[in-house]
Amino acid sequence: MSSLNWTEDFLSELSADMTVAESAISSDVTLWQIDNYAWQRFAEIALRQKLRWAAGWAEQVQDRFLVNACFEKQGKYILLRTGVDASNPELPSQATVYPAANRSERHTQDMFGIRFSGHPDNRRWTRHQAWIEHNYPLRKDFPVQGTPVGITAPDMHYPFIKSHGAGTYEIPVGPVHAGIIEPGHFRFQAVGELILNLEERLGYVHKGIEKIAEGREPESLARLAGRISGDTTVGHCWAACMAMEQAAGIVVPARAALIRGILAERERVANHMGDIGAICNDVAFVFAQMQFTRLRELWLRTNATVFGHRLLMDSIVPGGVACELSDESCTLIKKELVELKNELNEVILALDLNSSLEDRLYTAGFLSEEIAAAFGTVGYVGRASGQDFDVRRDAPYAPYDQVTVKVALENQGDIASRLWVRYKEIRASLRLIGEFIERLVDGDIRTEWQTPSAGAEGLGIVDGWRGEIITYVRFEAGNKIARFYPRDPSQLNWPALEKLVLNNIVPDFPVCNKSVNGSYSGNDL
Amino acid sequence: MLRIFKKILTTGVVTEKIKAPKDAELEQLGIELKTHIDKKFSGSIAIRQVDAGSCNGCELEIHALNNPFYDIERFGIHFVASPRHADVLLVTGPVSRHMQTALLRTYEATPNPKWVVAAGDCAACGGEFGVSYASCGVVSNVIPVDLTIPGCPPTPLALMKGLLGLISAKT
Ligand code: SF4
């Protein structure tokens with residue numbers, strides 16, 4: 001995609017007191033450092049210039065906190081950074097400008113104790129009762145074991161938004177849900193069956209991933225990254241390895257990059273098949289569920305045969321991949337591609353012509369383009385609401401720089417659109433897998449690791465099956481991780497669910513939720 | 001509609017034969033069985049699955065138990081929506097501290113007699129997360145466990161063997 005250099009224009013927009021120190025992190029990412037008083041004003045200009053807010057995190061370096069925000073436009077990323085003093089950590093909020101930054105700033109507030117002045121909703125977010133107020137787990141003086149006393153109390157007194165008025169009532173759901181799904185709490189306000197408001201309360205599966213990452217060596221971090229969200233093990237592992245490889249200044253061999261591409265597309269296909277089946281199942285169309293779970297199972301069995309793991313865990317390692325791809329395996333995969341295409345043709349025709357599915361999926365769970373853009377939604381959630389962005393096409397990394405990635409796009413914004421985007425993505429992934437196999441070159445599958453210098457940093461950006469993943473890594477001396485922050489696409493997509501269920505009926509919530517399918521674990525970290 | 005019937009017919013039955021596992025087989029899979037379900041109960045068990053902090057990988061494979069290849073319901077094992085309807089809690093993940101009370105309450109809400117299965121390395125023996133300010137570690141740190149099924153995640157076959165081992169009456 002032609003990337004007109006918008007950054008020059010952007011810099012000329014900044015007022016005289018906003019000086020930017022610029023340095024390159026990678027070909028697609030530039031680091032801009034600014035003074036902290038300009039933090040919010042920068043966001044205002046960024047919004048006017050139509051930059052997308054993509055990620056935010058902080059880091060402690062001695063007695064200062066570095067605060068980062070990542071913006072994107074036309075596939076070029078700006079990593080904006082400022083510093084605040086640890087003795088009085090306060091920064092003007094960007095969430096006032098970008099709703100997408102809202103929960104991220106609350107997370108940073110809970111984990112570092114940085115106050116974001118003017119924040120529209122500064123209630124705690126990630127913190128429930130596992131550690132007490134005014135303790136901040138990601139500060140360096142907070143011990144990884146914490147100071148737990150007895151049984152962690154339930155988070156009884158979280159100040160939920162209340163509804164008033166005749167006829168309105170509340171439905172609290174979770175954290176333990178009535179199905180095989182992850183824990184989280186949903187608070188509905190409804191009149192009759194109509195949803196007036198939904199408030200999500202997440203953080204139940206917070207496992208301290210950022211904290212327990214510190215001090216790990218690259219291989220160990222890759223394993224942890226592969227368990228941020230089990231369904232995205234390839235995506236997260238790849239992003240983490242990409243960040244570490246950038247910091248170490250190593251390039252993975254061409255063969256390894258192609259195998260990574262195959263792994264990532266296989267992950268996308270597996271999850272999309274599971275989701276399409278589950279969406280249909282939520283509207284009682286069991287035929288599709290049975291067919292898609294069958295196809296998914298066959299697909300996972302090939303994963304096990306070829307790569308040694310059904311979900312492909314630990315296939316990507318720092319410097320390359322852990323598994324060779326033999327000629328027989330390639331033949332097997334190619335045969336499977338043809339078979340799956342034929343099966344999908346038959347199954348999807350049966351779906352497409354089914355009026356009971358149409359009834360339930362069209363117009364339900366509508367997410368407008370404006371709201372999708374305001375929350376910076378990514379992946380199939382964004383793409384079903386007209387957000388034409390895909391890292392693989394717009395900021396391509398090996399092996400996607402060798403191929404044409406067709407991005408599925410819809411703009412009706414309903415559940416059906418999110419289903420069709422997934423279906424189109426499966427088709428595109430099948431083509432990509434075929435192309436990567438054709439392009440497979442001989443050679444190593446792993447580059448030797450080089451210990452990065454203390455302080456070296458990297459930003460891995462890949463398109464996982466849910467959408468863009470952004471992962472930050474900084475090393476300290478001795479090949480050890482000083483800071484790890486993975487931004488799962490769910491973090492941007494979860495708030496959109498609160499909006500798209502409005503004016504739907506409560507019984508349609510499960511299918512609305514499934515059509516977004518946010519990761520709780522990837523969100524809570 | 002005809003298309004649907006045609007596809008159903010041409011797909012046929014894909015469900016696979018699975019035999020109740022021998023003890024040696026369980027051992028080989030690393031499955032540790034501390035108790036058996038009493039014969040009186042073993043004809044049909046109701047499972048309430050509780051994700052106590054998992055990465056969701058284990059859930060994907062538990063889901064697969066209901067796909068047509070494994071079709072676990074044919075053995076009388078089915079998943080229920082409430083712990084009050086359950087005989088067995090199938091718990092995954094390290095128990096996050098934020099889920100500790102929820103897990104305890106789910107356990108209390110499950111009527112006696114009840115059994116607890118800890119599935120996946122995180123739940124059974126440690127895994128990647130361990131004990132920290134945010135995590136209580138393995139399930140047995142929080143509630144008593146009767147059966148552990150290791151694996152990251154355990155395959156549907158391992159899950160199935162473990163559960164069948166639990167209900168195959170020996171006593
Ligand atoms: S055992 Fe593995 S798949 Fe299961 S929750 Fe733990 S990390 Fe995830």
Side-chain angles (χ1 to χ4, degrees), chain A residues 128-131 137 142-148 151-155 175-183 203-209 211-212 223-224 226-231 233 274 278 287 290-291 293-294 296-298 300 304 310-311 313 346-347 349-350 353-354 519-522 524, chain B residues 1-8 10-11 14 48-70 79-83 90 93-94 96-106 109 122 127-136 142 152-153 155-156:
Chain A
H128 292 196
Q129 301 296 328
W131 64 96
F142 186 98
V144 66
Q145 290 305 320
T147 44
I151 295 164
T152 304
D155 198 22
V176 178
H177 294 154
I180 306 171
I181 64 170
E182 298 179 76
Y204 287 92
V205 285
H206 174 68
K207 295 184 275 290
I209 289 176
K211 186 76 176 180
I212 61 174
R223 270 198 312 280
L224 181 66
R227 286 154 181 84
I228 289 166
S229 180
D231 51 20
T233 177
F287 164 77
M290 284 301 146
Q291 291 291 341
T293 53
R294 177 177 67 84
R296 180 184 150 92
E297 177 68 23
L298 291 170
L300 298 189
R310 286 164 53 91
L311 304 181
M313 272 178 175
E346 288 176 24
V347 177
L349 219 57
L353 295 172
N354 190 283
S519 167
Y520 299 67
S521 183
D524 297 351
Chain B
M1 207 63 202
L2 275 177
R3 280 201 175 83
I4 296 182
F5 288 137
K6 180 160 171 253
K7 186 69 194 163
I8 291 172
T10 53
T11 305
V14 297
R48 171 65 249 209
Q49 196 266 337
V50 184
D51 173 342
S54 123
C55 79
N56 81 26
C58 282
E59 277 60 40
L60 294 174
E61 296 295 53
I62 294 171
H63 262 290
L65 293 174
N66 283 319
N67 81 29
F69 288 90
Y70 304 106
F79 290 88
V80 293
S82 165
L90 176 60
S96 74
R97 296 203 185 270
H98 290 168
M99 278 301 287
Q100 191 178 11
T101 299
L103 178 62
L104 281 165
R105 290 196 181 164
T106 309
C122 289
E128 215 38 66
F129 303 102
V131 178
S132 73
Y133 79 94
S135 160
C136 309
V142 179
C152 183
T155 61

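In what follows, every chain begins at residue 1, and chains take the letters A, B, ... in the order their sequences are listed.
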Using heavy-atom distances under 4.5 Å, tell me whether [X] contacts chain A through its side chain, its backbone, both, or neither.
| X | result |
| --- | --- |
| B:Val131 | both |
| B:Phe129 | both |
| B:Leu2 | neither |
| B:Ser82 | neither |
| B:Cys136 | neither |

Please state whether the side chain, the backbone, both or neither of [X] comes within less than 4.5 Å of a heavy atom of chain B.
| X | value |
| --- | --- |
| A:Gln129 | backbone |
| A:Ala278 | neither |
| A:Pro148 | side chain |
| A:Phe142 | side chain |
| A:Leu311 | side chain |
| A:Met313 | side chain |
| A:Phe287 | side chain |

Mind checking whether A:Trp131 and B:His98 have parallel, tilted or perpendicular rings, split at 30° and 60°?
parallel
Rounded at 0.5 Å granularity, tell me how far CZ in A:Arg227 sits from SG in B:Cys58.
10.0 Å
Return the option, out of [options], with the maximum number of heavy-atom pairs under 4.5 Å with chain A.
| options | result |
| --- | --- |
| B:Thr106, B:Thr11, B:Ile8, B:Val50 | B:Thr11 |
| B:Cys152, B:Ser135, B:Gly93, B:Ala102 | B:Cys152 |
| B:Glu59, B:Arg105, B:Gln100 | B:Gln100 |

What residue in [options] has the most heavy-atom pairs under 4.5 Å with chain B?
| options | answer |
| --- | --- |
| A:Pro175, A:Gly146, A:Ala178 | A:Ala178 |
| A:Ile180, A:Val205, A:Thr293 | A:Ile180 |
| A:Val176, A:Asp231, A:Ile212 | A:Asp231 |

Would you sort out whether A:Arg296 and B:Leu60 count as a side chain to side chain contact (heavy atoms under 4.5 Å, CB included), showing the intermediate values?
CA-CA 11 Å; A:Arg296 180 184 150 92; B:Leu60 294 174; 3.8 Å; yes
Using side chain to side chain contact (heavy atoms under 4.5 Å, CB included), reason through A:Lys207 and B:Cys122 one step at a time and then give a plain yes or no.
CA-CA 11 Å; A:Lys207 295 184 275 290; B:Cys122 289; over 6 Å; no
Considering all heavy atoms, the nearest B:Gln49-A:Gly179 contact:
OE1-O, 4.2 Å
Looking only at heavy atoms, what is the nearest atom pair of B:Asn66 and A:Met290, with distance?
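Result for this residue pair: O-CE, 4.0 Å.
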Which residues pass the salt bridge (charged side-chain N to carboxylate O under 4.0 Å, His left out) test with A:Arg310, sequence neighbours left out?
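Salt bridge (charged side-chain N to carboxylate O under 4.0 Å, His left out) check on A:Arg310 returns A:Glu297, B:Glu61.
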Look only at the side chain of A:Thr152 and the backbone of B:Met99, and say whether a donor-acceptor pair between them is shorter than 3.5 Å.
no
Is the backbone N or O of A:Ile181 less than 3.5 Å from a side-chain atom of B:Asp51, with the two atoms forming a donor-acceptor pair by type?
no
